[in-house]
Amino acid sequence: MGDKHNDSSKHYLGLVKNFLAGGVGGVCTVFTGQPLDTIKVRLQTMPKPPPGQLPAYTGTWDCAKKTIMKEGVTGLYKGMAAPIAGVTPMFAVCFFGFGLGQKLQKKHPDDKLTLFQLFNAGALAGVFTTAIMTPGERIKCLLQVQSHSTGPPKYKGPVDVAKKLYREGGIRSIYKGTCATLLRDIPASGMYFMTYEWLQQVLTPEGGSRTNLSVGRTLFAGGMAGVFNWLVAIPPDVLKSRLQTAPEGMYPRGIRDVFAHAMREEGIRAMYKGTVPVMLRAFPANAACFLGFEVTMKAFNYILPEL
Ligand SMILES: CC(=O)O[C@H](CC(=O)[O-])C[N+](C)(C)C
């Protein structure tokens with residue numbers, strides 16, 4: 001009885017470690033990935049140019065150049081406070097959800113999960129994160145696309161966006177894009193964690209231990225996890241960014257209308273807008289994330305070896 005109680009409290013404390021180390025991973029992700037994230041959202045949401053005119057940005061490099069010239073380097077870090085405040089807890093919840101998803105599928109703590117089970121655990125993490133991800137993305141995207149409009153900026157910062165959205169449309173407006181976020185993050189998080197765990201396993205040398213931190217292996221597995229996450233996430237991400245930044249009433253049937261409108265106006269290419277900055281960001285941002293996570297876990301395991 002006493003042993004059983006000890007085992008279950010170890011279980012929960014293990015999840016708390018996942019939660020905290022995931023938060024550190026999130027901070028590392030934002031610092032490394034924010035400039036390319038800003039470029040991605042600007043490319044995804046720039047208005048279609050009138051016939052015969054060039055678009056606002058002709059590509060990733062052009063967008064980076066114009067942003068720096070007009071707004072300085074800090075322009076690339078626009079909306080950064082929202083991801084730091086939102087992404088840190090989101091990654092914490094995400095790694096917690098993945099840890100829980102793994103535990104729920106194990107009959108014994110030492111059981112090795114199949115790739116499918118790892119995917120399921122990641123997908124559960126994707127469901128968990130939506131409550132934080134949706135408003136965080138809504139606020140971040142609205143700040144990131146402010147430069148498209150002429151005239152004085154509508155929003156002063158993340159808190160101002162949240163206040164104005166709430167005033168204009170209540171909690172529904174803050175959570176606009178929830179289905180699109182789920183559509184993106186359930187499969188993407190499944191891919192993310194499955195890829196990371198699989199690469200860690202196959203790259204661990206014979207007789208070595210998965211828990212022995214190898215910086216190179218962690219950076220590679222984390223970077224590739226980010227790449228595979230985004231391979232499945234880009235089309236729903238385009239729908240999400242467009243829905244979350246559209247004027248009220250533009251898409252009354254939500255992502256179905258965004259999809260139909262994009263197909264009619266731009267064809268299937270629209271679904272892959274922003275691919276270059278997404279992929280340029282995916283590897284370093286997620287390599288940094290998993291390194292931050294693993295180093296923090298290692299520190300916890302050193303300080304509290306019995307948990
Ligand atoms: C959309 C997103 O936040 O993806 C994360 C990876 C990244 O590049 O930020 C992965 N995950 C949703 C699993 C946290």
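Quick note: numbers below take in every heavy atom, side chains included, and nothing from hydrogens, waters or symmetry partners.
Here the side chain of Thr114 pairs a donor or acceptor atom with the backbone of Gln117 at under 3.5 angstrom. Looking at Arg138, its side chain does come within 3.5 Å of a backbone N or O of Ser173 through a donor-acceptor pair. In terms of modelled atom types and a separation under 3.5 Å, the side chain of Gln105 and the main chain of Leu118 share no donor-acceptor contact. No donor-acceptor distance shorter than 3.5 angstrom exists from the side chain of Lys17 to the backbone of Asn301, with no hydrogens or angles considered. Between the side chain of Gln201 and the backbone N or O of Trp198 there is no donor-acceptor pair closer than 3.5 Å. Gln146 contributes a side-chain N or O that, together with a main-chain N or O of Tyr155, makes up a donor-acceptor pair within less than 3.5 Å.
No hydrogens or angles considered: nothing links the side chains of Gln144 and Arg42 as a donor-acceptor pair under 3.5 Å. For the residue pair Thr218 / Glu294, no side-chain donor-acceptor distance below 3.5 Å is found, with atom types taken as modelled.
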Please report the C-alpha distance between Lys40 and Asp37 in whole Å, then the side-chain angles of each, then the deciding distance to 0.1 Å, and finally whether the salt bridge (Lys or Arg N to Asp or Glu O under 4.0 Å) criterion is met. CA-CA 5 Å; Lys40 175 203 82 171; Asp37 189 72; 3.5 Å; yes
Check the pair Asn18, Met297 against side-chain contact (heavy atoms from CB on, under 4.5 Å), reporting the backbone distance first and the verdict last. CA-CA 7 Å; Asn18 263 40; Met297 280 305 256; 3.2 Å; yes
Residues Ile234, Val278; criterion side-chain contact (heavy atoms from CB on, under 4.5 Å); working and verdict: CA-CA 8 Å; Ile234 292 176; Val278 165; 4.0 Å; yes
Could you walk me through whether Phe220 and Phe283 pass the side-chain contact (heavy atoms from CB on, under 4.5 Å) check? CA-CA 8 Å; Phe220 181 71; Phe283 193 96; 4.2 Å; yes
Verdict with supporting geometry, Phe19 and Val93, side-chain contact (heavy atoms from CB on, under 4.5 Å): CA-CA 6 Å; Phe19 179 85; Val93 169; 4.0 Å; yes
Criterion salt bridge (Lys or Arg N to Asp or Glu O under 4.0 Å) on Lys176 and Glu168, from CA distance to verdict: CA-CA 12 Å; Lys176 187 171 167 182; Glu168 285 161 16; over 6 Å; no
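Residues satisfying the ring-ring contact (aromatic ring centres under 6.0 Å, His included) criterion with Tyr196, sequence neighbours excluded, are Phe290. Among residues two or more places apart in sequence or in another chain, the ring-ring contact (aromatic ring centres under 6.0 Å, His included) test is passed with Phe98 by Phe193. With sequence neighbours left out, the ring-ring contact (aromatic ring centres under 6.0 Å, His included) criterion links Phe119 to no other residue. Every side chain to side chain contact (heavy atoms under 4.5 Å, CB included) that Ile171 has, sequence neighbours left out, goes to Tyr175.
Thr29 places a side-chain heavy atom less than 4.5 Å from the side chain of Arg281. Leu115 is not listed as a side-chain neighbour of Glu197, based on a closest heavy-atom distance of 4.5 Å or more. The shortest distance between side-chain heavy atoms of Lys140 and Val41 falls below 4.5 Å. You'll find the side chain of Phe128 stays beyond 4.5 Å of the side chain of Met133, heavy atoms only. Leu183 has its side chain out of reach of Cys179: every pair of non-hydrogen atoms, C-beta onward, lies at least 4.5 Å apart. Looking only at side-chain heavy atoms (C-beta outward), Val145 and Met46 stay at 4.5 Å or farther from each other. Between Gln44 and Pro277 there is no side-chain heavy-atom pair separated by less than 4.5 Å.
The nearest pair of heavy atoms linking Ser209 to Thr204 is C-CG2, 3.7 Å. For the pair Gly101 and Leu124, the tightest heavy-atom approach, listed with the atom from each and the gap, is CA-CD2, 3.7 Å. Scanning both residues, Pro284 and Leu280, for their nearest heavy atoms gives CD-O, 3.1 Å. Nearest heavy-atom pair, Pro252 versus Gly249, reported as atom, atom and distance to 0.1 Å: CD-O, 3.6 Å. Shown here for Leu43 and Tyr57, the closest heavy-atom pair between the two residues is CD2-CB, 3.8 Å. For Leu15 against Gly99, the heavy-atom pair with the smallest separation is CD2-C, 3.5 Å.
For the atom pair Lys154 NZ and Lys164 NZ, the distance stands at 7.5 Å (nearest 0.5 Å). In this structure, CG in Asp237 is found 7.5 Å from SG in Cys141, a value given to the nearest 0.5 Å. Taken to the nearest 0.5 Å, the OH atom of Tyr251 stands 14.5 Å off from the CZ atom of Arg256. Interatomic distance, CD of Gln244 versus OG1 of Thr178, reported as 8.0 Å (0.5 Å rounding). With values rounded to the nearest 0.5 angstrom, Phe95 atom CZ is found 10.0 Å from Ser189 atom OG. Separating the CD1 atom in Ile68 from the NZ atom in Lys66 is a distance of 13.0 Å, to the nearest 0.5 Å.
The cluster map of Ile, Leu, Val, Met, Phe, Trp and Tyr, joined by side-chain heavy atoms under 4.5 Å apart, puts Ile132 and Val16 in the same cluster. There is a path of hydrophobic side-chain contacts, each under 4.5 Å, that joins Met224 to Val202. By the criterion of side-chain heavy atoms lying less than 4.5 angstrom apart, applied directly or through intervening Ile, Leu, Val, Met, Phe, Trp or Tyr residues, Leu243 is grouped together with Met250 in one hydrophobic cluster. Both Ile268 and Val258 are part of a single hydrophobic cluster, where members link through side-chain heavy atoms under 4.5 Å apart. Linking ILVMFWY side-chain heavy atoms closer than 4.5 Å, directly or via other members, places Ile84 and Val159 in two distinct hydrophobic clusters.
Atom CZ of Phe228 sits in a sparse spot, with 12 or fewer heavy atoms from other residues, nucleotides or ligands closer than 6.0 Å. Atom CZ of Arg253 sits in a crowded spot, with more than 12 heavy atoms from other residues, nucleotides or ligands closer than 6.0 Å. Shown here is Lys106, whose NZ atom has more than 12 heavy atoms of other residues, nucleotides or ligands within 6.0 Å.
Apart from Ile186 itself, the hydrophobic cluster it occupies contains Val127, Leu182, where clustering links Ile, Leu, Val, Met, Phe, Trp and Tyr at side-chain heavy-atom distances under 4.5 Å.
Applying the side-chain hydrogen bond (donor to acceptor under 3.5 Å, both in side chains) test to residues at least two apart or on different chains, the pairs with a partner in residues 268-280 are Glu266-Lys273.
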